[in-house]
Amino acid sequence: MATGSPAELDSFEERLRQRVNMNRNPLETNALINRHRGYIPNTPLGSSVVAFLLGSIFASGIYTFIADLSLSARWLTYQLGFFVAAWAFFHWAEFAVTAGWNFEKCSVDSYLLENGPMYHIANGTALLEYLISLYFAPSSKSWPYVSQIGILMVILGQVLRSSAMIHASTNFSHTVASRKRDTHRLVTDGVYRFVIAKPPFFPIVVLIILSWFRHPSYAGFFYWALGTQLVVQNPFTFTLFSILLWRFFYYRTRDEEKYLVKFFGDEYINYRRRVGTMIPFVP
């Protein structure tokens, strides 16, 4: 039985009526804007299970990466551990960043675990190539500098993508927006105009001063994905990823920019002239 002053009871009842009318659980994962499209249950329980599984995979991968268990189990190499950990962290970070800075679009879809069969086939092929190569030609995985370059690309790619999503906040969407909202603005600062100063001691003029990202979340994922294949030293899937990702982002940027020109007109056209995508052959 509720107790308290009449004013407190009236306030409580009003809050209760508002909650019933909203018909939303405080922990609900249904996005306010984008509808849930996948098969993973769009509930707090579903999200917590996914987060737990990704965290377990990440922890196992990091342990394998640090401990390098290949002495006791040949296929449990630091390369495989990092690959698995990077994959798990990427999908967790997609949800975490969306929940933290873009909550109105957050749902279990934000984990990006239902990217379509081609995405999972590509990652499965990468894992299969690594294990087959390691079994039949282990010397093909014995180039540490290649893996180290890949690790650096994965880390920088992840930082770039997550930073872009955080900086864009509610202006970011995992799907191409075909309608402009009142709060939608063109983001042209921060990582969307990322400046790298040339070190004064660097002798080559080629790394001249500016590197700008018109689509930093795309560029981040592009280099993250290619980095994962360098980590595991997969020549076939590195080539496959390069072709598939280039094709995807080429047409994705063309489609998205059609709407951005419609939304922002000359403002976006002028921005596009100044800032490149930093993805090879994607203007």
Enquirer: If we only count heavy atoms from C-beta on, is the L226 to S242 side-chain gap below 4.5 Å?
Expert: yes
Enquirer: State plainly whether one hydrophobic cluster holds both L53 and W92, where clusters connect Ile, Leu, Val, Met, Phe, Trp and Tyr through side-chain heavy atoms under 4.5 angstrom apart.
Expert: no
Enquirer: Hey, are the side chains of Y63 and S60 touching, using non-hydrogen atoms and a 4.5 Å cut-off?
Expert: no
Enquirer: Please report the interatomic distance CG(L113) to NE2(H91), rounded to the nearest 0.5 Å.
Expert: 5.5 Å
Enquirer: Between M278 and Y223, what is the shortest heavy-atom contact and its length?
Expert: O-OH, 2.6 Å
Enquirer: Please find the pair of heavy atoms, one from P144 and one from Q233, that lie closest to each other, and give the distance.
Expert: N-NE2, 4.3 Å
Enquirer: For Y250, look at atom OH and say whether over 12 heavy atoms of other residues, nucleotides or ligands are found less than 6.0 Å away.
Expert: no
Enquirer: Working to the nearest 0.5 angstrom, can you tell me the gap between S217 OG and L160 CG?
Expert: 8.0 Å
Enquirer: Consider only side-chain N and O atoms of T98 and E94, and report whether a donor and an acceptor are under 3.5 Å apart.
Expert: no
Enquirer: How far apart are the closest heavy atoms of T77 and T64, and which atoms are they?
Expert: O-CG2, 3.4 Å
Enquirer: Is the shortest side-chain heavy-atom distance between E257 and R272 below 4.5 Å?
Expert: yes
Enquirer: Would you give the length of the straight line joining atom CG of D68 to atom CG of L76, rounded to the nearest 0.5 angstrom?
Expert: 9.0 Å
Enquirer: How far apart are the closest heavy atoms of K141 and S133, and which atoms are they?
Expert: CE-CB, 3.3 Å
Enquirer: Under a plain distance cut-off of 3.5 Å, with no hydrogens placed, do S147 and Q79 share a side-chain donor-acceptor pair?
Expert: yes
Enquirer: Side chains of Y218 and T277: closer than 4.5 Å at any heavy-atom pair?
Expert: no
Enquirer: To the closest 0.5 Å, what do you measure between OG1 (T228) and CZ (F90)?
Expert: 10.5 Å
Enquirer: Give a yes or no on whether the backbone of W101 and the side-chain of S169 come within a donor-acceptor separation of less than 3.5 Å.
Expert: yes
Enquirer: Would the distance check show the side chain of N270 and the main-chain N or O of E267 forming a donor-acceptor pair, the cut-off being under 3.5 Å?
Expert: no
Enquirer: Under a 3.5 Å threshold, yes or no: a donor from one side chain and an acceptor from the other, between Y268 and T188?
Expert: no
Enquirer: Using atom types as modelled and distance alone, determine if a side-chain donor or acceptor of N102 lies under 3.5 Å from a backbone N or O of N171.
Expert: no
Enquirer: Test D189 against V187 for side-chain contact (heavy atoms from CB on, under 4.5 Å), laying out the working first.
Expert: CA-CA 6 Å; D189 57 348; V187 182; 3.6 Å; yes
Enquirer: Are Y78 and W75 connected into the same hydrophobic cluster when the rule is that any two of I, L, V, M, F, W, Y join if their side-chain heavy atoms are below 4.5 Å apart?
Expert: yes
Enquirer: Using only heavy-atom distances, determine whether the side chains of Y251 and E256 contain a donor-acceptor pair under 3.5 Å.
Expert: no
Enquirer: Can we say D255 and R252 salt-bridge, meaning some charged N sits less than 4.0 Å from an Asp/Glu carboxylate O?
Expert: no
Enquirer: Just by distance, do the side chain of S47 and the backbone of T43 share a donor-acceptor pair under 3.5 Å?
Expert: no
Enquirer: L54 and A88: which non-hydrogen atoms are nearest, and at how many Å?
Expert: O-CB, 3.4 Å
Enquirer: Quick one: are N123 and F83 in side-chain contact, heavy atoms under 4.5 Å?
Expert: yes
Enquirer: Would you please test R74 and Y135 for side-chain contact (heavy atoms from CB on, under 4.5 Å) and show each step?
Expert: CA-CA 9 Å; R74 189 172 68 168; Y135 183 80; 3.1 Å; yes
Enquirer: For the CZ atom of F89 and the CZ atom of F82, what is their distance to the nearest 0.5 Å?
Expert: 10.5 Å
Enquirer: How far apart are the closest heavy atoms of M153 and L230, and which atoms are they?
Expert: SD-CD1, 3.4 Å
Enquirer: Can you check whether R254 reaches V282 side chain to side chain, under 4.5 Å on heavy atoms?
Expert: yes
Enquirer: When clusters are formed by joining ILVMFWY residues with side-chain heavy atoms under 4.5 Å apart, either directly or through shared neighbours, do L80 and W143 land in the same one?
Expert: yes
Enquirer: Does the side chain of T125 reach to within under 4.5 Å of the side chain of F236, using non-hydrogen atoms?
Expert: yes
Enquirer: Once you round to the nearest 0.5 Å, how far does OG1 of T237 lie from CG of L127?
Expert: 10.0 Å
Enquirer: Look only at the side chain of R214 and the backbone of P283, and say whether a donor-acceptor pair between them is shorter than 3.5 Å.
Expert: yes
Enquirer: Look at the side chain of S162 and the backbone N and O of V159, then say whether any donor-acceptor pair between them is shorter than 3.5 Å.
Expert: no
Enquirer: Quick check: do F241 and F222 have side-chain heavy atoms less than 4.5 Å from each other?
Expert: no
Enquirer: Is the distance between the ring centroids of H215 and F249 less than 6.0 Å?
Expert: no
Enquirer: Are I155 and W224 in one and the same hydrophobic cluster, where Ile, Leu, Val, Met, Phe, Trp and Tyr link if side-chain heavy atoms are under 4.5 Å apart?
Expert: yes
Enquirer: Given the rule that I, L, V, M, F, W and Y join up when any side-chain heavy atoms are under 4.5 Å apart, are V232 and L152 in one cluster?
Expert: no
Enquirer: If you apply the rule side-chain contact (heavy atoms from CB on, under 4.5 Å), what do you find for L245 with F221, and how did you get there?
Expert: CA-CA 9 Å; L245 287 172; F221 181 78; 3.5 Å; yes
Enquirer: May I ask you to decide if Y39's main-chain N or O and E114's side chain share a donor-acceptor pair within less than 3.5 Å?
Expert: yes
Enquirer: Evaluate whether atom CZ of R247 has more than 12 neighbouring non-hydrogen atoms of other residues, nucleotides or ligands under 6.0 angstrom away.
Expert: no
Enquirer: Give a yes or no on whether the backbone of K180 and the side-chain of K262 come within a donor-acceptor separation of less than 3.5 Å.
Expert: no
